[in-house]
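To keep things clear, I will list the structure first and then write my remarks on it.
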Amino acid sequence: MVTRFAPSPTGYLHIGGARTALFNYLFARHHGGKYLVRIEDTDRKRSTPQAIEAIHDGLEWLGLLGDDKPTYQFERAARHVEVANALLESGNAYRCYLTSEELQARREKAQAEKRPFRINSEWRDRTPGAEQDGQPFVVRLKTPSEGETVIEDAVQGRVAVKNEEIDDFILLRSDGTPTYMLAVVVDDHDMGVTHVIRGDDHLNNAFRQLPLIRAMGWPEPTYAHVPLIHGADGAKLSKRHGALGVDAYRDEMGLLPEALFNYLLRLGWGHGDAEIISREEATEWFDLAGVGKSPARFDTKKLLNLNGHYIREADDARLVELVAPKLMLDDEAGRALLLKAMPELKARAQDLNQLAESAHFLFVTRPLTMSEKAASLLDDEARPLLARAYAALAAAERWDLESVDAAIRTVAEEAEVKLGKLAQPLRAALTGSNTSPGIFDVLVLLGRDEALARIADQSGAKE
RNA sequence: GGCCCCUUCGUCUAGCGGUCUAGGACGCUGCCCUUUCACGGCAGAAACACGGGUUCGAGUCCCGUAGGGGUCACCA
């Protein structure tokens, strides 16, 4: 059992491609088979090394690299031509001398007359004469013209198309280079691919590829055409709503790979009520029967919710490594402080950016700039309370959770105010914000000197 | 337009003829917890596109309608 993910390197690894890769990977793993990656770079004009790099990075980040080194389709061009020639020799393909201009003219004429257009090359049954000598030609496959072709698709079910709908598509261009349609079939065969799992935009292609496979007498793969992912508005996913490269999800959105993995898996596939699914469970449960036939819409909120879950589950040291660059933290002391604060910080972040932002207060230098809401907390009523808190904290013998807790609660009690009345201004003074981890945690994290200084800045208390 | 595919809460889905007064999750609303924000807990609003069949019985099968999507290159 062999599956493959075959992206064309004309851009980044987009979200739909990532899901296709995931399904191929999971299906192979589930059945103990092999999962391969093939770069479809036969379009030399549009394929770039940067795109290949981006795809590789994206797959690596998601843990979806192929089991072997990737195959590059362009390098196999000679083999593709060889197969085309074999087809020519066996009479399953023919040289067509129709030029693209002629074809274009026929297409337009058909359109003007509102007739469906089909390529109907007279060269299918015509032997080239002397005048064709040296003239450019393409090689076309002789597809069957009667009856129908049926595909038992593992996702779509039984799909039948009349053979008259299937045109004699091009195998070799007039410059002698192989087309995608030829290349996929040859490569899939040579790589031993048994299950072709891909976007359902390829379903129509399957009806062309099958006659080619049959002409060669090769074993037919099982097809599984997975519905495309749509944007939140139901339209095709475009750059505007989520068709970003996975690198953007990582770098800009601040996602963890396991969150995207889980989200993509649940998009179009379900396993009972399971929502949080580990890689191991996914491997154990994944099947093509569970893949829905209708396109799914991309939902950023749910993705973020999942990401929050995985952040809370993530190892603190790992999160420090991911967040430190966003804070431009390069010293050990800073990292140590971040690590110490991480259990409190990660409890309230949905993405790595929020996580970095929430840590910001730890590293700013006095005097703090107050957010609007923080500033409004520091009113005339609050300042004297802060001064009292300052005194109580300064007098504390030790500086740990227990003692600062006791000190602050005592101040609130003596001043006959609710704890919140004191905690909120304190939070503002200490963090410059109205939201933060628990106030006692903040005091301890900042340390005695820094904490007292920040309180003094806002209360007018003298050190 | 031709061909092909799809249609359960706003979204992702469970459902594979009776157990569905349709379940879960995200989101939303309310309450609880609480020093803030989150987390967590509890409660709630919210769907079988429509119309015909088949059947004792249909969200589940069939047909049509509407809506959505895909594809029609010497791109992949």
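Source: prediction; values computed, not measured. Letters go in sequence order (proteins before strands), and every chain restarts at 1. Worth knowing before you read on, the calculation uses all heavy atoms, side chains too, and leaves out hydrogens, waters and symmetry mates.
- Between A/Y97 and A/W123, a ring centre-to-centre spacing shorter than 6.0 Å is recorded.
- Pairing of B/A45, defined by two Watson-Crick or G-U wobble distances under 3.5 Å, is not identified with any nucleotide.
- Distance CG (A/N204) to P (B/A76): 17 Å, rounded to an integer number of Å.
- Separating the CG atom of A/N120 from the C1' atom of B/C72 is a distance of 15 Å, rounded to the nearest angstrom.
- In this structure, B/G67 forms a base pair with B/C6, meeting either the Watson-Crick or the G-U wobble geometry with both donor-acceptor distances under 3.5 Å.
- For A/F23 and A/F286, the ring centers are positioned less than 6.0 Å apart.
- Separation of the P atoms belonging to B/A45 and B/G30 is 15 Å when rounded to the nearest angstrom.
- Remark: aromatic rings of A/H225 and A/Y223 are close, center separation under 6.0 Å.
- Taking atom NE2 of A/H230 as the reference point, atom P of B/G67 lies 17 Å away to the nearest angstrom.
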Which atom pairs link the protein and nucleotides 6-9 of chain B when you take only N or O atoms and keep those under 3.5 Å?
| from | atom 1 | to | atom 2 | distance (Å) |
| --- | --- | --- | --- | --- |
| B/C6 | OP1 | A/K293 | NZ | 2.4 |

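- When the side-chain nitrogen and oxygen atoms of A/R107 are compared with OP1 and OP2 of B/A73, one or more of them lie within a distance under 4.0 Å.
- Across the protein-nucleic acid pair, A/L426 atom CG and B/C37 atom C1' stand 16 Å apart, rounded to whole Å.
- Between A/S174 and B/C74 there is no side-chain N or O to OP1 or OP2 distance below 4.0 Å.
- Here, B/G68 and B/U11 have their C1' atoms 16 Å apart, quoted to the whole Å.
- With rounding to whole Å, A/H309 atom NE2 is found 13 Å from B/G40 atom C1'.
- Between A/E165 and A/R118 there is a salt bridge, since a side-chain N of the basic residue sits under 4.0 Å from a carboxylate O of the acidic one.
- The nucleotide whose nearest atom lies closest to any side-chain atom of A/R173 is, among B/C5, B/A76, B/G70, B/A76.
- Here A/F298 and A/H230 keep their ring centres 6.0 angstrom or further from each other.
- Just one residue in the list A/E122, A/R124, A/R126, A/R140 forms a side chain to side chain contact (heavy atoms under 4.5 Å, CB included) with A/C96, and that residue is A/R140.
- Remark: A/R427 is not in phosphate contact with B/U34, judged by side-chain N or O atoms under 4.0 Å from OP1 or OP2.
- Salt-bridge check for A/R454 with A/E450: passed, with a basic side-chain N closer than 4.0 Å to an acidic carboxylate O.
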